[in-house]
Amino acid sequence: MTANEITSKRTLIEVRDLRRSFDEEAVQALRGVSFTIDQGEFVSVRGPSGSGKTTLLNILGALDTRFEGNVLIDSVELRHLPSPERFRASTIGFIFQSFHLLAALTALENVQMPMFEQKWRASERQERAAALLKTVGLEHRMHHLPAKLSGGERQRVAIARSLANEPKLLLADEPTGNLDSENAQKILEVLCGIHQERNMTMIVVTHDPEVAAATGRTLRLRDGQLTAEG
Amino acid sequence: MSFLQLILKNLFRRRSRSLLTLTGISIGIAAVVSLSGIAAGFEQSWANVYKARGTDLVVTKSIARSTMPGPFPWSLKAELQKMPHVREVGGLLSDVFSVEDSPTVLVIGWEPKTALWNHVTLVSGRWPDDASKDTVAIGTLNAEMLGKKLGDKLQIETREFTVCGIFRSAALAESGAVVMPLSAMQALTEKEGMVNFFDIWLEPHTSPEETEALRDSIKKEFKDLTAFNPGSVSESNLAMQVAKAMTWAVSSIALVVGAIGVMNTILMSVFERLHEIGILLAIGWRRGRIMQMILAESLLLGLVGGIAGCGLGVAAARLLQRSPWVHGKLEAALDLRLLVTAVLIAIALGGLGGLYPAWIGSRMSPARALRQ
Ligand SMILES: Nc1ncnc2c1ncn2[C@@H]1O[C@H](COP(=O)(O)OP(=O)(O)OP(=O)(O)O)[C@@H](O)[C@H]1O
Ligand SMILES: [Mg+2]
């Protein structure tokens, strides 16, 4: 066994009997979901609209801590976590379908936003952000506002931003959902590159079979339950 | 990018609104600065009068029904003079009249042959005769304001006087005044035998405790009268108390309006940015940092508004000072302490106005903000 294989065997995420309902039980978005994900895995989550994919991702990213069951990430129990923000700052990187960049800030500034929680000097933040934009191939677009960038470029800025605090887990909710196939392909390449270079654990919610095919494993959700893995 | 740069960027994004808020704060602060400056100047100008005269104690009626203390008999002087440590007593009768073009001129009758006449210097002409009923001396500033020179006629109420002398005083309030012998003033105001102030000079080396004891015994012996140290003139002068109360009232209103303005601006900007705040929370910002950002924005508005307000206030005070109602009676006291206090108040206003929006912003649910 190589060193890489040993680390990849470590369990990073453990989900047991996860349940989440809204509107006082009227909507049961997740109904007893259990799975584990190892450090370094690249996993896709698929399922019809309304099956609970975003709900699951929000819980894994500690955006939502009001669930039942157990979710452990890097041995931290997320249920009723006292400071989800601190956990997110140290552990999670988020990528959204609609990019969610701050419109008033340039690409370089957007990537620096998460870094305010670190003890880095302004110049250091700037250097790190520039390096990250370079890894997503946007070194020539650093000082552009999001409005001046194409959809694919915006998503690459968002990917660079998700890596800003060197997270342990990258969560992407339909990252190619708003993009044409050419741009989607480019994003997929960037994500795969990050996975390989950094041995980053990544979970991607997607409708795109091509994206799912690029991942090592797929979790399928239907009506808030896992149906099959493949 | 530094945190400060982010704050500035946020404020510059909503440039016109930030500017309007700044205008609101600075007007509020300007009101505080100019009114406080004028009120303090008012106080100082009276203190200066007594300082120039070298007065140790001032005796007036204890209850003032108008801005000028009421009259009491000059004959009480004999008793005052017999009290311990008293070196000299000078009676005076003063009032404010509208004189020709100037709506408020201080007119004073000084008791002849007392130290009251000693602290002023004649620039030209002569002092009015002790018994004269139709000549007056005017201060240099008064001469300038009314455009009078020696020999000119001066109409006060129904009487006509001739300017026989022009004098200089170290105190601005006296520079702008008209001075005549006590008896002439009593005749003018139909208060024969009356004064409304006694200025008392004490023997040299009288200790503060002895002065205090004398003050107490004057208050005890003369029921309607009070005695005060010239330094504490504001406590015993109704006009000054009114001026202070007005300053307080107007300043408070201006400041409340300023604080509400800041709160409105910041609250609106927070409501507009709920989505952004949700994003920041999702990408790892602590709630405390969201609060910091919003508070810093409002504190900065307060700081800049405060500095601008000080500039505006100083200009307004200078302008007020030149108005015919104020000109020649006081000089606004705009010291550094007042300006620093004003800026601190503005910063506090900003903080106060930002507190509620900051709290609202920091309570955002990121998941909900992102679904919108
Ligand atoms: N905050 C909420 N309040 C009420 N219902 C909610 C809330 N969030 C999600 N739901 C409901 O939970 C169910 C699962 O929603 P979720 O967003 O997880 O679906 P999804 O699989 O991401 O769908 P899509 O592919 O359309 O994005 C849906 O029925 C949705 O209406
Ligand atoms: Mg979804």
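Within every chain, numbering begins at 1; the chains are lettered A, B, ... in the order of the sequence lines, protein sequences first and strands thereafter. If you're wondering where the values come from, they're calculated on a predicted model, not measured in any experiment.
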Task: Carboxylate-amine/guanidinium contact B:R289 A:E85, below 4.0 Å - done: no
Using non-hydrogen atoms and a 4.5 Å limit, figure out which bit of [X] sits close to chain B: side chain, backbone, both or neither.
| X | value |
| --- | --- |
| A:F94 | side chain |
| A:N58 | side chain |
| A:R161 | side chain |
| A:F87 | neither |

Task: N/O donor-acceptor pair under 3.5 Å between A:E117 side chain and B:R286 backbone - done: yes
Task: Most chain B-contacting option - heavy-atom pairs closer than 4.5 Å, from A:A89, A:P84, A:A129 - done: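 Most heavy-atom pairs under 4.5 Å with chain B: A:A89.
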Heavy atoms, side chains only, cut-off 4.5 Å: are [X] and [Y] in contact?
| X | Y | result |
| --- | --- | --- |
| A:F116 | B:L6 | yes |
| B:L281 | A:R88 | yes |
| A:M113 | B:I279 | no |
| B:Q5 | A:E109 | no |

Open item on the list: With side-chain contact (heavy atoms from CB on, under 4.5 Å) as the test, pick out the partner of B:L370 among A:T54, A:D173, A:L63.
Closed with: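 It is A:L63; the other options fail the test.
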